[in-house]
Amino acid sequence: MSWRGSVWGCLPNFYTGERNYSHNSPSEFYSSLGSEGFSIGDTSGTDEEDTDSAILYGTLRGSIVGLRYYTGVVNNNEMVALQREPNNPYDKNAVKVNNVNGDQVGHIKKELAAALAGIMDNKLAVVEGVVPYGAKNVFTMPVQMSFWGREENKEAVLDQLKMHGFKLAPPLKVGSEYGFGSKWISGKNGPTYSAPVHAAVHLTAEQLKSEFDKLFEDLKEDDKTCEMEGAEAVGTLLLPHQKQALAWMVSRENSNDLPPFWEERNNFYYNILTNFAVKERPKNVLGGILADDMGLGKTLTTIALILTNFQDGKPLPVEKITSDNGLLLNVTSVFSGTASIQSAEKKYSEDNPRTTLIICPLSVLSNWIDQFEQHTSQDFHLNVYIYYGSDRNKDPAILSDQDVVLTTYNILATDYGIRDDSPLHKIKWLRIVLDEGHTIRNPNAQQTKAVLSLEAHRRWVLTGTPIQNSVKDLWSLISFLKLKPFTDREWWHRTIQRPVTMGTPGGLRRLQSLIKSITLRRTKTSKVKGKPILELPERKVLIQHVTLTEEERQVYQSVKKEGKAAINRFFSEGTVLAHYADILGVLLRLRQLCCHPHLCTNTSSSFSAAGNNTPEELRQMLVTKMKLVLSSGSDEECAVCLESLTLPVITHCAHVFCKPCIYEVIRSEQPNASCPLCRNELRVEHLVECPLEEELDSSNGKKDDQEWISSSKINALMHALIELRKENPTTKCLVVSQFTTFLSLIENPLKKSGFAFTRLDGSMAQKKRVEAIQCFQSSQAGSPTIMLLSLKAGGVGLNLTAASRVFLMDPAWNPAAEDQCFDRCHRLGQKYNVIITKFIVKDSVEENMLKIQNKKRELAAGAFATKKPSASEIKQTKINEIKALIDL
DNA sequence: ACCGCCGGGTGCC
DNA sequence: ACCGCCGGGTGCC
């Protein structure tokens, strides 16, 4: 279908010079965003990791003064935030006090502030306040402070306080500092809570995990079972559970309910967690979290929502196409809006926007485009603009005239990083949809910051995996939903996260009630009217062992011997971390040798190294190393943000980080920054960027000069494929590898044996991918029966249900990556049992990888809410893995 | 009286 | 603040 090409390319041409968009100039939008949205300084960054391991040192009563001068008011038992104010002209020790709304209440009395300043500045403790009675005070009010910190800082904090003549009282038995009500609560000011006997009951990781699972499981049985038909513009019939989701989403968008934990009491609105009260009715999020399992149709449901609840609770207006090229018009409807835009301009404005912004991982972008095309009835105009690619149109006026703007997290973050050049941040959107919302679970990641500073009326998070490891991961999502007071990390932490992780009684219940009020969750096993939502066929994983030929084995052993010797040397020299990339290289070569000798071309060991290289040689070497790391398939994360690498750069000490992350490290540690992994000197001018990857597979190259030969693994595959064809010639298969070169090598025997095949890998242009997928999914006679698929091509959205067999040619480091790949065919629409065959070479690194996969599976199943490992711990785990892999 | 005491002015950091 | 504190006014009984 040719229109896709135009989607990607032609909007700029279409609009060039057509109109002047005088309204909503960029500057207006920036001033409305304020400086906050674009601040570089990150006050919340550095030692957040420690908050979970904090203990309560004790409490102290103090006073807040200067109430006269500020507007912030405080109720009895209300939580307050203590914030250092080092630039106060009267006292460099100043500590200001804000209420939950962020309005300043006053200052901590100076003698006490003098004691607190050092503690707070050196991050020895977190100091939190609750005002026991503050409603009527005019000049001063008391504050009950709790001191939280790591065990090892306790003495320092006590000393510091003692120096100024203060002494902590032991922690109160009643958990007022957890916001669970306290002895101060009178009947008037809140519900009474029975006081827990102990301040905190620590649950084991396992208990927490199971509690947490229940948290989502329990969401299923409630009243979210109303159904709603999609509007006429939805060109597809919805399944019952999708109609339920639609009804729920529409009701959420049009709801006027109070947000969770708010109550109306004598003309005020009370937050029962913080005891904060306001006159104005707090806004609930017009949206929520759709946490359906993969394959239940979140995309379709969201499209139905956009079309059905288009504006003012009404569907997308009908604009029947009368011209005889109606079909064409719909197809190019992406840009067909000129005529309607003229009239629409009065209807839609900054206050009443029309545009839904959808942010998704690149891997599912084409899926969204497909589904918009498939599910939007031909008679309706829906302007969809794909904000992607270097020629993306950055005119906010044009973007805000679309019905839908589709973009990726990376594009959003990239634009945001350029500060002055993010049109997406200049627009107030009708609706923002975050697909694969857990992408933003790391609060410090650039993408998260970029997402959190977007403006919108309605906000949705789509995710199949609502919580991956801990409550912590939820904050970004909740913050995105703009639920007060959780947008501020302190209140989230004090009212939800800490009670849950400390096992404070009722903490989980509280979290559950929060989740429940904003989430719709169904699993593949959920039922509608007694029937399972979807009945998936069975899925079986078989492991087929492959024995190398004598020749292959010899090559393998010699490379292994050499690599093992080198790695041993690194261990004895203690330079493992410095040679991390080299070690990955060794393992990569071994894994490649298991597949095919031709994959392993770059035997030129890079650890010749060192000595007196020219700067250019050094740069080249670093680039080579970085590419090695990126292409090693070892799923490298940035050790700063713990996410997969965005804009990777390599340090002189050969460690790879996200560019924004490592810049932030250097900025915050100036003048002398050091590498987070090995503590070597770190300088911006030494960082080497990854040249725009033409092809990240390190074993790339068109080795046509080599004569084609087979390998044990290829033989095993071909044998299986031919047997399968005898059984049933229409059965479709995925042949999956992490090495695209391997896929290329496999093409040869496929052709020779007369198989019709297609191919999908990460290097292919979007258009080509879509073609390959459609071609493969086709049931027409003569359509390809085999797809050569690179493991990570396409994300969760990729739908390859035509295949019922999968041949995994080489194991991945991360079992989750494999599972995700299998789910591309084992999902809604699969008619047959799915059989997966994993080829594993006997007595090789691959067998060891299986062991590591099992370990990871156990880890993933058991560990929840345990402390997030530090950067160096992650590396240490990797090093242990390396040892296991090469039998050291 | 280099004190006490009185009462007005005044008030965060 | 229906306080504390400051500093000026004042001064036997």
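A note on names: the letters A, B, ... follow the listed sequences, proteins ahead of strands, and every chain is numbered from 1.
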Distance, [atom1] atom - from [M] to [N], rounded to whole angstrom:
N: dC3(B); M: dC12(C); atom1: C1'; answer: 15 Å
N: dG11(C); M: dG4(B); atom1: C1'; answer: 9 Å
N: dC5(B); M: dA1(B); atom1: P; answer: 16 Å

Using nucleotides 9-13 of chain B, report all nitrogen or oxygen pairs with the protein that are shorter than 3.5 Å.
unit_1, atom_1, unit_2, atom_2, d
dC12(B), OP2, Tyr69(A), OH, 2.4
dC12(B), O4', Gly66(A), N, 3.4
dC12(B), O2, His107(A), ND1, 2.8
dC12(B), N3, Tyr70(A), OH, 3.0
dC13(B), OP1, Lys110(A), N, 3.1
dC13(B), OP2, Lys110(A), NZ, 3.3
dC13(B), O3', Asp91(A), OD2, 2.5
dC13(B), O2, Asn88(A), ND2, 3.1

Looking at Glu681(A), is its backbone amide N or carbonyl O close enough to the side chain of His686(A) to form a donor-acceptor pair, meaning the two atoms are under 3.5 Å apart? no
Measure centre to centre between the rings of Tyr70(A) and His107(A), then say whether the value is under 6.0 Å.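 Yes, ring centres under 6.0 Å apart.
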So is [X] actually on top of [Y]'s ring, under 6.0 Å and inside 45° of the axis?
X: Lys279(A); Y: Phe268(A); result: yes
X: Arg441(A); Y: Trp475(A); result: no
X: Arg459(A); Y: Phe480(A); result: yes

Would you mind pulling out the nucleotide paired to dC2(B), Watson-Crick or G-U wobble, both distances under 3.5 Å?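 Pairing partner, where one exists within any strand: none, as none qualifies.
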So, Glu78(A) and Asn99(A): side-chain donor and acceptor under 3.5 Å apart, yes or no?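 Side chains of Glu78(A) and Asn99(A): no pair found under 3.5 Å.
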